[in-house]
Amino acid sequence: MKNIFLKLLCCPKTKSDLTLKNPIYKNGDIIMSGELISANGEHSYPIIKGIPRFVDAELYSKSFGYEWKKWSKVQYEAQNVGKPNAGLTDEMFNLSTGFTEEDLKGKIIVEFGCGGGRYMDVVLRKGGIAVGIDLSIAVEPAMENLSHYENVLIVQGDVLNSPFKDGVFDNGYSLGVLHHTPSPADGTKELFRTIKKGGDGICLVYESNGWYGSNSIKYFRRFINGTRFIFGNSLALIYSHVSARTLYYIMPVINKIPKVGYRIVRIVENNILVVNKHPDLKWRVLDTFDAITPHYASTHTEKEVESWFKSIGCENVHKTGWNKCGWKGRKP
C-alpha cells in the first residue's frame, strides 16, 4: 500500500485515525510491512506483503481464500481473449453497476468482497482508483494480479465492520458477495457508510429462484461443509471437475430424448446434481466449486434487496441490468 491511502483507513473497533509505525518500503513509496496503530494505542494491525490486515483469521471465508488462490486470474479479461467468455467480466461489471466513464475516471471506487480482483481490474483499466476489501486470503492473489497498477489499495478485513472512514469513496459496489456474510443488509448499510453523499452504491446478491437457490446446490453445500473437517476442499474440487468435464456434455444429450428428456434434466439439475453451463471449462469448474463450498450462501427476492436500500434512505433506487437482485442507489 502507499502512504496516500492512509487517509482512507480507520480502526474498525474505534473508528479512530491510524498511525503508521515501523514501515518498510519497496520502490520508495510502497509500504510492504509495518503496523497501523489506533489513536488510543490499544489496537494494532499489521501490514503484511503490502496489505493491511484487520482480521486475525479468514473465519467463514476460507473456501474463497482457497478458490481465489487456485483460480486467481481465470475470470480476468486479459486471460479470456479469443475464448468463449471473452468480454464477459466487462459486460457483467457494466450491466451490474451502470457506471459511466465519468463515474470511474479519477474517482475512488471501493469494492466490498474483491476476491481475486477481476472487477477492480475493470475499474483500474477505466482510469479509476480502486480500493478492495476481502475477509479471505484472496487479498494476496488480488494484490499480485493488480500490483502493476499505481492506484490500488487492497485490505483484508470484515465487510460488515470495515476499516474505512465515513464517506471517503466516490462510488462503491458489491457484486455477488454479501450473500456470503451473516447479514447482507448490514453489509449494504456498511458499504453506503463509506460512500460520499451523492455517491452511488450497488449490491448484487443471489436470486431466490435462480441457479444458486436450487435444491441440488443446497444439498451439496451442506454435505461439503459437513465433511470439510475430514476432506478439506478435495471432494468439492473432484466433483467440480467431474461435473464440468462430463455432466456438462451428458445433460444436453438426455435433454434431447423425446417427451421426457427435458423433464428428466430439470428434475436432476434442480434436485440431485449441480451442473454449470458456462462454455469455458475453467469457468465451469470454478463456478461449480464456488456454488457448493461457501459457509454462508443466502438467496433473496428483489423486493427484499430494494428494502435494504430504502431503509438506508437511498435516493434513485432502481434495479441494474444484470439480474433481478442487483440494485443501485444514491447516498443522500
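Not measured: the values here are computed from a predicted model.
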Going by distance alone, is a donor N or O of one side chain under 3.5 Å from an acceptor N or O of the other, for Asn161 and Lys15? yes
Which of Val274, Thr299, Thr288 passes side chain to side chain contact (heavy atoms under 4.5 Å, CB included) with Ile217? Answer is Val274
Quick one: do Glu302 and Lys319 make a salt bridge, cutoff under 4.0 Å? yes
Go through the steps for Glu144 and Lys49 under the test salt bridge (Lys or Arg N to Asp or Glu O under 4.0 Å), then give the verdict. CA-CA 10 Å; Glu144 293 173 8; Lys49 297 181 180 180; 5.9 Å; no
Do Phe64 and His180 come within less than 4.5 Å of each other through their side chains, counting heavy atoms only? yes
Test your reading of the model: is there a side-chain donor-acceptor pair from Tyr25 to the backbone of Ser33, 3.5 Å cut-off? no
Can you check side-chain contact (heavy atoms from CB on, under 4.5 Å) on Ile137 and Lys69, steps first, answer last? CA-CA 8 Å; Ile137 205 69; Lys69 277 206 162 187; 4.1 Å; yes
Under 4.5 Å between any side-chain heavy atoms of Leu20 and Glu35, yes or no? no
For Met251, is there any backbone N or O sitting under 3.5 Å from a side-chain donor or acceptor partner on Asn255? no
Can you see whether Ser298 engages His300 through a side-chain donor-acceptor pair at a distance of less than 3.5 angstrom? yes
Rounded to the nearest 0.5 angstrom, the CG-NE2 distance for Leu286 and His278 is 8.0 Å
Take Lys328 and Asp200, measure what side-chain contact (heavy atoms from CB on, under 4.5 Å) needs, and give me the verdict at the end. CA-CA 7 Å; Lys328 182 176 183 177; Asp200 289 330; 3.7 Å; yes
Closest approach of Trp68 and Ala138, non-hydrogen atoms and distance? CB-CB, 3.6 Å
Check step by step if side-chain contact (heavy atoms from CB on, under 4.5 Å) holds for Asn270 and Trp211. CA-CA 8 Å; Asn270 284 343; Trp211 184 64; over 6 Å; no
Parallel, tilted or perpendicular: ring planes of Phe220 versus Tyr239, cut at 30 and 60 degrees: tilted
Donor-acceptor pair, Ser162 side chain versus Asp158 backbone, under 3.5 Å? no
Asn276 side chain to Asp287 backbone, donor-acceptor under 3.5 Å: no
Which label fits Tyr66 and Trp71: parallel for a plane angle under 30°, tilted from 30 to 60°, or perpendicular past 60°? perpendicular
Quick one: are Cys11 and Phe54 in side-chain contact, heavy atoms under 4.5 Å? no
Measure up the Tyr206 and His179 rings against each other and bin them: parallel (under 30°), tilted (30 to 60°), perpendicular (over 60°). parallel
Looking at side-chain heavy atoms only, is the closest gap between Leu36 and Thr19 below 4.5 Å? no
Is the closest side-chain donor-acceptor distance between Asp90 and Tyr119 under 3.5 Å? no
Residue Arg266 excluded, over 12 heavy atoms near CZ under 6.0 Å: no
Would you find a donor on one side and an acceptor on the other, under 3.5 Å apart, between the side chain of Asn145 and the backbone of Pro141? yes
Pair Asp280-Asn85, side-chain donor/acceptor within less than 3.5 Å: no
Hey, is the main chain of Val55 close enough, under 3.5 Å, to the side chain of Gln156 for a donor-acceptor pair? no
Stepwise, does the side-chain contact (heavy atoms from CB on, under 4.5 Å) test hold for Ile292 with Phe223? CA-CA 9 Å; Ile292 65 178; Phe223 177 75; over 6 Å; no
Check against side-chain hydrogen bond (donor to acceptor under 3.5 Å, both in side chains), Asn271 and Asn215: CA-CA 5 Å; Asn271 300 286; Asn215 289 329; 3.0 Å; yes
Check for a donor-acceptor pair, side chain of His43 on one end and backbone N or O of Gly41 on the other, with a separation under 3.5 Å. no
Within the structure provided, determine whether Asp121 and Tyr149 are in side-chain contact (heavy-atom separation under 4.5 Å). yes
Heavy-atom count around Asn209 CG within 6.0 Å, excluding the residue itself: above 12? no
Would you say Leu281 and Arg245 make side-chain contact, with heavy atoms under 4.5 Å? yes
For the residue pair Ala86 and Asn80, what are the closest heavy atoms and their distance? CB-O, 3.1 Å
Closest non-hydrogen atoms of Leu178 and Cys203, given as atom of the first, atom of the second and distance, are CD1-SG, 3.8 Å
Answer whether the closest heavy-atom distance between the side chains of Leu9 and Leu153 falls below 4.5 Å. yes
Flag if over 12 foreign heavy atoms under 6.0 Å of NZ, Lys62: no
Taking NZ, NE, NH1 and NH2 as the nitrogens, is one of them in Glu102 or Lys107 under 4.0 Å from a carboxylate oxygen of the other? no
Where is the tightest heavy-atom contact between Ile312 and Lys189, given as atom of each residue plus distance? CD1-CA, 3.6 Å
Show the nearest heavy-atom pair for residues Ser96 and Leu204, with the distance to one decimal. OG-CD1, 3.5 Å
Rounded to the nearest 0.5 Å, how far apart are CE of Met92 and OG1 of Thr320? 11.0 Å
Does Arg118 use its side chain to pair, donor to acceptor, with the backbone of Lys73 at less than 3.5 Å? no
Determine, for Glu269 against Lys277, whether the closest basic-nitrogen to carboxylate-oxygen distance falls under 4.0 angstrom. yes
Compute whether any side-chain donor of one residue and acceptor of the other, for Thr89 and Gln75, lie under 3.5 angstrom apart. no
Between Asp17 and Lys7, is there a salt bridge with N-O shorter than 4.0 Å? no
Name the residue from Asp186, Val205, Leu191 that meets the side chain to side chain contact (heavy atoms under 4.5 Å, CB included) definition with Trp308. Val205
Minimum heavy-atom distance Asn233-Arg228, with the two atoms named: OD1-NE, 3.3 Å
Would you confirm whether Ser216, through its side chain, and Ile272, through its main-chain N or O, come within 3.5 Å as a donor-acceptor pair? no
Just one of Lys331, Lys196, Arg193 clears the salt bridge (charged side-chain N to carboxylate O under 4.0 Å, His left out) bar with Asp166, so which one? Arg193
For Tyr262, is the OH atom crowded, meaning more than 12 foreign heavy atoms sit under 6.0 Å from it? no
Flag the pair Trp322 / Phe93 as yes when at least one side-chain heavy-atom distance between them is below 4.5 Å, and no otherwise. no
Distance alone, cut at 3.5 Å: any donor-acceptor contact between the side chains of Tyr173 and Glu111? yes
Closer than 3.5 angstrom, by distance alone: can the side chain of Asp134 be matched with the main-chain N or O of Val139 as a donor-acceptor pair? no
Kindly indicate whether a cation-pi arrangement holds for Arg53 with Tyr45, taking the cut-offs as under 6.0 Å to the six-membered ring centre and within 45° of the axis. no
